[in-house]
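To keep things clear, I will list the structure first and then write my remarks on it.
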Amino acid sequence: MPELPEVETVCRGLALHLPGKKIMQVILRRKDLRLPLPLHMEKILKGRVVQHISRRAKYILLHLDGGHVLIVHLGMSGAMVLKERPPETYRTHDHVALIFKDGTTAIFHDPRRFGLMLLATEKTLPSHKLFSHLGPEPLDKSWGVTQLCAILQSSKAPVKSVIMDQQKLVGVGNIYACEALFLAGVHPTRPANIVTKNEATKLAKAIKQVLNAAIESGGSTLRDYVRSSGDAGYFQHHFKVYGRQKLPCLICKKTILVIRQSGRSTFFCAHCQK
DNA sequence: CGGCGGTCCTGTCAGC
DNA sequence: TGCTGACAGGACCGCC
C-alpha cells in the first residue's frame, strides 16, 4: 500500500481541488471493501461540501460540513483519482465515485479491497476504533529520538517490527522501514531494546528523512499506486535497499540480502547494517 | 501481555 | 502457451 508518503501525496492532490466543492452524486459500485461501506453513506454524503482534507497515519480524512468526516484508507492497492468529469465507463475495481457539482469526480479504486471508506464525525473521530490506538506522527516536530528510544526500549521484538507498529509510530510500512534502517546502519532483526541511543538518533533522523524525501518525489509507484492526479510517484528510483536483493550495496558493494520477517520481505546489507 | 502467523482479495510474474 | 504457486505497499484477529 501506499505508506505515509503516498497517502500524504494523495491528500495534497485532493486538497488542491476538493475544498469548497459540493457532493452531488455518490455512486456505489461495490460495497464489500475490507469493511462494508456504511449504511446510508449515500444519503449522508449527498449535498455535503468539502471543508478541508487532512491525513492521520495512513488514513485520508475528508472533512465535510455539518461535522461529518469521510475516512478513506487505501489498503495495499487503493487509489483516489480525480477526474474533471464523470467517466463514461468505470474500470473494474472502481468501487466508489463522488461526483461534485462542477463535474469533478473522485474515484476510489482498489483491486484487492483491503482499503475502506467509513464515516465519522469530528466528535467521534478521536475515539473511533481505527484511530484511538494510533501512535504519534513521525513527521511531527514533537516526535524525535526521545520518543523513538522510548518505544524501542519497551520491546524485544525486531527493531523493524517495532517501527512498523502503528500503535507505536504511524505511517512507516515495509518499504520505508527497510530504507530507514539502511540509512541508519541498523540491522532489521536487532531486538529493539538493544538499539543504542546513538543508533536511535540516526534512525529517528533516517525515518524523517526518507519519509520527507518520498513526499518530495510524490511517493513511490511499484504496481498500482497513483497520485490523485493519476500520475505515478518517483521515489522508487531512490530506493537504496528495497527490492535490490542480489544487487550490490550502493555503499560497500556487498550483496543486498532478503529475508522474511513476520511474513514480510526485509531487504538489507549485512555489512552496512549491524 | 507481547509477538507471530494466518487471513482478507486480486493481479502479476517466475518457473515448470 | 498455460497452469500453479509465491508474492505484493496493510492491518485485524486469534493463538501461543
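The structure presented is a predicted model; accordingly, all values stated were derived computationally and were not measured. So that the names make sense, note that chain A is the first sequence line, chain B the second, and so on, each numbered from 1.
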| said: For a quick test of reading the model, state the closest non-hydrogen atom pair linking A/Ala157 to A/Ser155 and the distance between them. | reply: N-OG, 3.0 Å
| remark: From CD1 of A/Ile175 across to P of C/dC7 the rounded distance in Å is 17 Å
| To the nearest angstrom, how far is A/Leu33 atom CG from C/dG10 atom P? | 18 Å
| remark: Whole-Å distance, A/His133 NE2 to C/dC12 P, equals 9 Å
| Heavy-atom donor-acceptor pair, A/Thr221 side chain to A/Gly233 backbone, under 3.5 Å | yes
| request: Look only at the side chain of A/His17 and the backbone of A/Gly13, and say whether a donor-acceptor pair between them is shorter than 3.5 Å. | output: yes
| request: Could you tell me which non-hydrogen atom of A/Lys274 sits nearest to which non-hydrogen atom of A/Arg190, and how far apart they are? | output: O-NH1, 2.5 Å
| Interatomic distance where CZ belongs to A/Phe131 and C1' belongs to C/dA11 [whole Å] | 13 Å
| task | Could you check how far CE of A/Met76 sits from P of C/dC7, rounded to whole Å? | result | 13 Å
| query | What nucleotide, of B/dC4, C/dA8, C/dC12, holds the atom closest to the side chain of A/Leu130? | reply | C/dC12
| task | For the pair A/Glu137 and A/Arg55, find out whether any cationic side-chain nitrogen is under 4.0 Å from an anionic carboxylate oxygen. | result | yes
| request: Identify whether the distance between the nearest side-chain nitrogen and carboxylate oxygen of A/Asp94 and A/Arg29 falls below 4.0 Å. | output: no
| message | Does A/Tyr242 reach a base, just sugar-phosphate, or nothing at all? Heavy atoms under 4.0 Å. | response | sugar-phosphate
| request: Starting at atom CZ of A/Phe267, determine the distance to atom C1' of C/dA8, rounded to an integer number of angstrom. | output: 10 Å
| remark: Whole-Å distance, A/Glu3 CD to C/dA8 C1', equals 12 Å
| Which nucleotide, C/dC12, C/dG10, C/dC7, lies nearest any side-chain atom of A/Asn174? | C/dG10
| How far, in whole Å, is B/dG6 from C/dA6 if one measures between their P atoms? | 12 Å
| task | Using modelled atom types only, decide if a donor and an acceptor are shared between the side chain of A/Arg85 and the backbone of A/Pro87 within a distance under 3.5 Å. | result | no
| note | Its contact letters, B for base, S for sugar-phosphate only and - for none at protein heavy atoms under 4.0 Å, make nucleotides 6-16 of chain B read --BBBS-----
| field | For DNA chain B, the residues among residues 152-170 of chain A that have a non-hydrogen atom under 4.0 Å from it | value | A/Ser155, A/Lys156, A/Ala157, A/Pro158
| query | Taking a pair as Watson-Crick or G-U wobble with both distances under 3.5 Å, which nucleotide is matched to C/dC7? | reply | B/dG11
| said: For A/Val172, is there any backbone N or O sitting under 3.5 Å from a side-chain donor or acceptor partner on A/Gln166? | reply: yes
| field | Test item: side-chain donor near acceptor, A/Thr266 and A/Arg260, under 3.5 Å | value | no
| A/Glu3 side chain to A/Gly173 main-chain N or O, any donor-acceptor pair under 3.5 Å? | yes
| Donor-acceptor contact below 3.5 Å, side chain A/Glu179 vs main chain A/Lys240 | yes
Please list, for nucleotides 13-16 of chain C, all pairs of protein and nucleotide N/O atoms separated by less than 3.5 Å.
residue: C/dC13; atom: OP1; partner: A/Lys129; partner atom: NZ; Å: 3.4

| said: In this structure, how many angstroms lie between the C1' atom of C/dC12 and the NE2 atom of A/His128, rounded? | reply: 14 Å
| request: Return the orientation label for the A/Tyr176 and A/Phe239 ring planes: parallel under 30°, perpendicular over 60°, tilted otherwise. | output: perpendicular
| query | OP1 or OP2 of C/dG10 sitting under 4.0 Å from any side-chain N/O of A/Arg264? | reply | yes
